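Just so it is clear: chains get the letters A, B, ... in the order the sequence lines come, proteins before strands, and each one is counted from 1. The shown structure was predicted, so the numbers you read here are calculated from the model rather than taken from an experiment.
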There are 2 protein chains.
Amino acid sequence: MSTEQLKLSNQICFPLYSASRLITQAYQPYLDKMGITYPQYLVLMVLWENDEISVNDVAKKLILKTNTISPLLQRMAKQELIERNRSSDDERCVKVKLTDKGKALEAKAKLIPEQMLDHLLSDSVELDDVIQMRHQLNQWIEILKDKQK
Amino acid sequence: MSTEQLKLSNQICFPLYSASRLITQAYQPYLDKMGITYPQYLVLMVLWENDEISVNDVAKKLILKTNTISPLLQRMAKQELIERNRSSDDERCVKVKLTDKGKALEAKAKLIPEQMLDHLLSDSVELDDVIQMRHQLNQWIEILKDKQK
DNA sequence: TTCGATTATATCGTGTGCGATACAAATGTA
DNA sequence: TACATTTGTATCGCACACGATATAATCGAA
């Protein structure tokens, strides 16, 4: 195996790590206007698609563990963006749903992607490149999720 | 602009965020054997290429701010992986270099990329795909770094 | 039916990331 | 030379991530 290939996994992990942070930073001005963080924005997106959903299912959709999601949802409940309620079916289960305040953010949030796209595209990174990358990343994520167990 | 395109920035940001975390998790077993974290591994890689380097220059190479790097380096100094010394040229400047213990990790660390590559490649994600993605990500990072200011 | 295993959530400790701020050393300029 | 500005580092507060652990509710097999 060549030295070039030996270094490749480092050379792909670091760009992923950096690009992820930089793009999240590019979201920040828009998220600041809404008073939320990027992980909180992800939770809101899940809840706009799912009326009522368990802590566990939010975690699965975001590929996070409940020990991350649980405090995150507690902070969002404190901000009155969501409501947390024990399920009557299964007393272990906590169901989460949007408050009116949480729902109200949807309109503002829906404008973010369009504004972001201007930041993300350029001469060297075009729409087709991004679509291709998304495809590769999603396949990769599926593989890595399986190995995670 | 189509709905598909409007959603694209979210659909690329989340995969980047998830893939970054999942790949870092895949590194974890190897890093655990060395008793370091992924950001600490990045610092070591910088120091294997640079004998003596300032806190600020480490930060620039890792695209992080000094308020992240500074405590990180302090923890690494406490583990005796590195030494921190005020520069005599410029008293504001703190120079960092590897200890023998830090240098000793290099041999073990150099084996990680080869082992990782097995985890990362598959039928659906081949070497060429990864090389292509790295290229795109690096171009993207340059653009986003400029906009960061 | 009982009791060990599993599941859903929460808590704790540690290590990042990052905005805001502080402070001393160096630099530039009148 | 004075003195405002810039630069390099550190500190503080907060919000993740995540491994380890705890606890209660549910499930499942003898």
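Both A/R92 and B/T68 sit near DNA chain D, but only B/T68 has its closest nucleotide nearer the 5' end. Looking at which nucleotide of DNA chain C each of B/D89 and A/L22 is closest to, the 5′-most match is held by A/L22. With the nearest nucleotide of DNA chain C identified for both A/R84 and A/Q25, A/R84 has the one nearer the 5' end.
In summary, B/E106 and B/K103 do not engage in a salt bridge, as defined by a charged side-chain N under 4.0 Å from a carboxylate O.
A/I69 comes within contact range of no nucleotide atom at all, as no heavy-atom separation falls under 4.0 Å. B/R75 comes within 4.0 angstrom of a base, heavy atoms only. Nucleic acid contact for A/T66: base, since at least one base atom lies under 4.0 Å from a heavy atom of the residue. Using a 4.0 Å heavy-atom distance criterion, B/D90 is classed as a sugar-phosphate-only contact. If you check every strand for non-hydrogen atoms under 4.0 Å, B/N56 touches sugar and phosphate atoms only.
One finds a side-chain N or O of A/K65 lying less than 4.0 angstrom from the OP1 or OP2 phosphate oxygen of D/dG19. Considering only side-chain N and O atoms, A/Q28 lies nowhere under 4.0 angstrom from the phosphate OP1 or OP2 of C/dG19. Distances shown here put every side-chain N or O of B/Y17 at or beyond 4.0 Å from the OP1 or OP2 atom of D/dC16. Remark: A/Q40 is in phosphate contact with D/dC16, judged by side-chain N or O atoms under 4.0 Å from OP1 or OP2.
In this structure, A/Y38 has its ring center closer than 6.0 angstrom to the ring center of B/Y17.
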